[in-house]
Amino acid sequence: MKYTDKLYTDLFALAHHWANMACRVVDGGFAYKMLGERLYSETENRIKDTICNYLDIKPGCEKSAADSIVFSSLSPLPVALAAFSERCIRTASKLGATQLLLMGGLFTAPYPDKTEIFRIDKPEVQAVKESLLARAGCVSFANLHRIAGDILSSEWIYSLHENGYNAESPTTVILGDLPLYLDEKSFKQLLASLFKIIPQGSGIVFCYPERQFFTDTDRISTAFLRRRQKNLLSGASYSEVQMEKLLSDQGFRLYEHLNPRQVHSQFFHNREIINRRKLAVCDHINYCLAVKK
């Protein structure tokens with residue numbers, strides 16, 4: 001599985017949530033526009049085929065089985081991460097953050113108008129995202145700066161400054177689910193790079209896997225997600241204590257930490273009641289806001 005495949009899958013998960021929920025955790029309407037009706041249907045059929053190959057599905061039950069897996073396995077992580085990230089962005093904006101650095105997040109929601117947005121991606125990923133934005137009718141954003149680069153190198157830092165980034169302005173960094181795909185050494189290097197360019201009080205938003213994410217075979221949702229993205233996942237995992245120490249060693253304070261139960265309580269529970277449908281949260285994934293000391 002390539003990263004661009006994951007991109008389409010995550011967009012589909014958000015769009016599927018939006019299209020099939022009366023009371024949504026997040027608004028996935030923009031994600032649906034980015035895919036368009038044809039690509040949405042093609043992605044749905046591809047996922048349905050994948051599920052049928054993975055599970056023993058009775059003929060004629062593919063659609064209901066696919067919907068069940070999407071709700072229980074594909075949607076929970078991007079939906080929960082989007083909800084948590086959007087809340088952190090709104091709070092940071094109210095507290096004076098004027099810059100948003102997107103390194104692992106999807107550009108699928110309207111961000112504060114006065115916020116300068118810097119999106120860092122490899123050139124091939126930039127091209128895919130631009131085509132998706134064009135499909136949604138959003139050709140240009142005055143406050144969106146596109147930085148072509150590999151986050152595992154340091155070249156993107158120079159491009160960032162060349163495109164108007166202000167190292168003295170309060171900044172929110174969205175890493176999204178990048179820690180799932182970075183080994184511990186690479187994650188530490190990225191944090192060290194970020195520490196150098198963001199001012200004190202700036203925040204970093206991300207999620208990370210616990211050890212059980214890679215070992216829990218009893219949870220079909222976790223097992224399916226691992227299988228789906230097995231060629232991308234790094235295998236690195238952390239306990240809350242380990243993550244707090246890792247962040248502290250790199251100059252950050254763990255400001256907010258939510259486990260799956262807490263994410264469910266804060267973002268999913270009330271919607272469950274209104275929708276009369278259980279909304280799953282991805283097992284063994286924790287959500288963090290870290291602040292530069």
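All of these numbers come straight from a predicted model, not from anything done at the bench. Sequential numbering from 1 along the given sequence is applied to the chain's residues.
- Contacts of His17 classified as ring-ring contact (aromatic ring centres under 6.0 Å, His included), with partners at least two apart in sequence or in another chain: none.
- Considering only residues two or more places apart in sequence or on other chains, Lys188 meets the salt bridge (charged side-chain N to carboxylate O under 4.0 Å, His left out) condition with Glu184.
- The salt bridge (charged side-chain N to carboxylate O under 4.0 Å, His left out) search around Asp249 returns Lys245, not counting sequence neighbours.
- The ring-ring contact (aromatic ring centres under 6.0 Å, His included) search around Trp156 returns none, not counting sequence neighbours.
- Listed by first and then second residue, the salt bridge (charged side-chain N to carboxylate O under 4.0 Å, His left out) pairs that reach into residues 149-163 come to none, sequence neighbours excluded.
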Under 3.5 Å, which donor-acceptor pairs do the side chains of residues 193-207 form with other protein atoms, sequence neighbours left out?
unit_1: Ser193; atom_1: OG; unit_2: Gln189; atom_2: O; d: 3.1
unit_1: Ser202; atom_1: OG; unit_2: Thr171; atom_2: N; d: 3.0
unit_1: Ser202; atom_1: OG; unit_2: Thr171; atom_2: O; d: 3.4
unit_1: Ser202; atom_1: OG; unit_2: Pro199; atom_2: O; d: 3.0

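- A donor-acceptor distance shorter than 3.5 angstrom exists from the side chain of Gln262 to the backbone of Asn259, with no hydrogens or angles considered.
- In this structure, the salt bridge (charged side-chain N to carboxylate O under 4.0 Å, His left out) partners of Glu256, at least two apart in sequence or on a different chain, are Arg87.
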*Report the C-alpha distance between His16 and Glu44 in whole Å, list the side-chain angles of each, state the deciding distance to 0.1 Å, and finish with yes or no for side chain to side chain donor-acceptor pair (under 3.5 Å).*
CA-CA 9 Å; His16 185 274; Glu44 184 177 36; 4.8 Å; no
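- For Glu42, the side chain to side chain contact (heavy atoms under 4.5 Å, CB included) criterion is met by Arg38, Leu39, not counting sequence neighbours.
- Here the side chain of Ser131 pairs a donor or acceptor atom with the backbone of Val128 at under 3.5 angstrom.
- Partners of Arg261 according to the salt bridge (charged side-chain N to carboxylate O under 4.0 Å, His left out) rule, which considers only residues two or more places apart in sequence or in another chain, do not exist here.
- Other residues, nucleotides and ligands contribute at most 12 non-hydrogen atoms within 6.0 Å of the NE2 atom of His269.
- Distance CG/Asn143 to OG1/Thr98: 11.5 Å, rounded to 0.5 Å.
- Under the ring-ring contact (aromatic ring centres under 6.0 Å, His included) criterion, Tyr32 pairs with Trp18, Tyr40, sequence neighbours left out.
- Residues forming a side chain to side chain contact (heavy atoms under 4.5 Å, CB included) with His257 (at least two apart in sequence, or on another chain): Tyr208, Glu240, Leu254, Asn286, Cys288.
- The aromatic rings of Phe268 and His264 sit parallel to each other, their planes meeting at less than 30°, with 60° as the upper class boundary.
- Phe267 pairs by the ring-ring contact (aromatic ring centres under 6.0 Å, His included) definition with nothing, not counting sequence neighbours.
- Both Leu191 and Leu152 are members of a single hydrophobic cluster when ILVMFWY side chains are connected at heavy-atom separations under 4.5 Å.
- Heavy-atom contacts from other residues, nucleotides or ligands closer than 6.0 Å to NZ of Lys292 number more than 12.
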